[in-house]
Structures are given as C-alpha cells and as structure tokens.
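Working notes, beginning with the structure itself.
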Amino acid sequence: MSSELMPHKAGDSWVIEIPDEMAQAMGVSSGSVAVLHAAQGAIEVEVLPPPSPELDESVRRIHDKYKDAFEEMKRLGD
C-alpha cells in the first residue's frame, strides 16, 4: 500500500482514492473514493462506490463530443 494518499480538491471537499487493501478491510468495492467534508470543527467522510462501466462510457462519449468546448471553458476560467 502506498504510504501517501493524494487528495484532490472538489469544491469545498477533498476526494481521496481508497487503496484496495483499505477498501477490502472496510468491505467496500475496490475503486471506491472517500469524500471529506469539513463540518463544525470535524471531518465527515462519505464513501462513494466506483462508477459503473455504463457511466464511464457515457462520460467518455460526452467528453469526446464536447472536448473543444470544455477546453475553451478551461482556457477562459471561471
């Protein structure tokens, strides 16, 4: 298992990929992620399962279709 987990910021939360060994110990699917939220001086954790193959394919298809528009939005910023 990696000694360092790399969180990714998502809005006001952080997303951490759960290592396979930890997922197995927790009894959740491999590929699950933990979403950390700060709440009233504590950290709340929500475990999300990995996306279904159908969802993955849908996201890839939409990304490919609108890739130029997404790149332009990223270039322009918020």
Side-chain angles (χ1 to χ4, degrees):
M1 179 167 83
S2 172
S3 62
E4 185 175 334
L5 299 176
M6 298 300 297
H8 305 279
K9 187 152 178 57
D12 293 335
S13 301
W14 289 88
V15 179
I16 299 174
E17 295 179 22
I18 300 173
D20 290 341
E21 296 87 355
M22 187 179 288
Q24 184 178 12
M26 294 171 59
V28 300
S29 299
S30 178
S32 294
V33 296
V35 182
L36 285 64
H37 310 278
Q40 300 175 355
I43 296 177
E44 294 180 358
V45 179
E46 181 179 4
V47 176
L48 301 178
S52 68
E54 295 82 11
L55 180 59
D56 265 343
E57 177 57 32
S58 178
V59 168
R60 287 183 219 281
R61 190 176 63 252
I62 291 167
H63 177 266
D64 289 345
K65 184 175 181 178
Y66 297 106
K67 184 177 181 178
D68 292 340
F70 292 143
E71 287 176 0
E72 181 66 6
M73 286 187 281
K74 184 175 181 179
R75 185 184 71 77
L76 294 173
D78 289 337

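Heavy-atom basis, side chains included; hydrogens, waters and symmetry copies ignored.
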- Task: Could you pull out the closest heavy-atom pair between Ser29 and Ala23, with the gap in Å?
- Result: O-CB, 3.9 Å
- Value rounded to 0.5 Å, distance of CH2 in Trp14 from CD1 in Ile16: 9.0 Å
- Do the non-hydrogen side-chain atoms of Val47 and Val33 ever get within less than 4.5 Å of each other? no
- Task: Count the heavy atoms belonging to other residues, nucleotides or ligands that lie under 6.0 Å from NZ of Lys67, then report whether that count exceeds 12.
- Result: no
- Hey, quick one: are Val15 and Leu36 part of the same hydrophobic cluster, counting side-chain heavy atoms closer than 4.5 Å, chains of contacts allowed? no
- Task: Heavy atoms only: give me the nearest Pro50-Gly31 pair and the separation to one decimal.
- Result: CB-O, 3.5 Å
- Kindly work out whether a path of hydrophobic side-chain contacts (I/L/V/M/F/W/Y, heavy atoms less than 4.5 Å apart) joins Met73 to Ile62. yes
- In a check of side-chain contact (heavy atoms from CB on, under 4.5 Å) between Arg61 and each of His63, Glu57, Lys65, which one passes? Glu57
- Message: For Ile18 and Met26: C-alpha separation, side-chain torsions, deciding distance, then whether side chain to side chain contact (heavy atoms under 4.5 Å, CB included) applies.
- Response: CA-CA 10 Å; Ile18 300 173; Met26 294 171 59; 4.3 Å; yes
- Query: If you count the non-hydrogen atoms of other residues, nucleotides and ligands that lie under 6.0 Å from CD1 in Ile43, is the total more than 12?
  - Reply: no
- Basic-acidic side-chain contact under 4.0 Å: Glu72, Arg75: yes
- Message: Quick one, Arg60 and Asp56 - any side-chain contact, counting heavy atoms below 4.5 Å?
- Response: yes
- Is a side-chain N or O of Ser52 found less than 3.5 angstrom from the main chain of Leu55, in a donor-acceptor match? yes
- Is the CG atom of Asp12 crowded by more than 12 outside heavy atoms at less than 6.0 Å? no
- Note on the structure: The reported gap from CD in Glu17 to OG in Ser30 (rounded to nearest 0.5 angstrom) is 10.0 Å
- If you draw a 6.0 Å radius around CZ in Phe70, do more than 12 non-hydrogen atoms from other residues or ligands fall strictly inside? yes
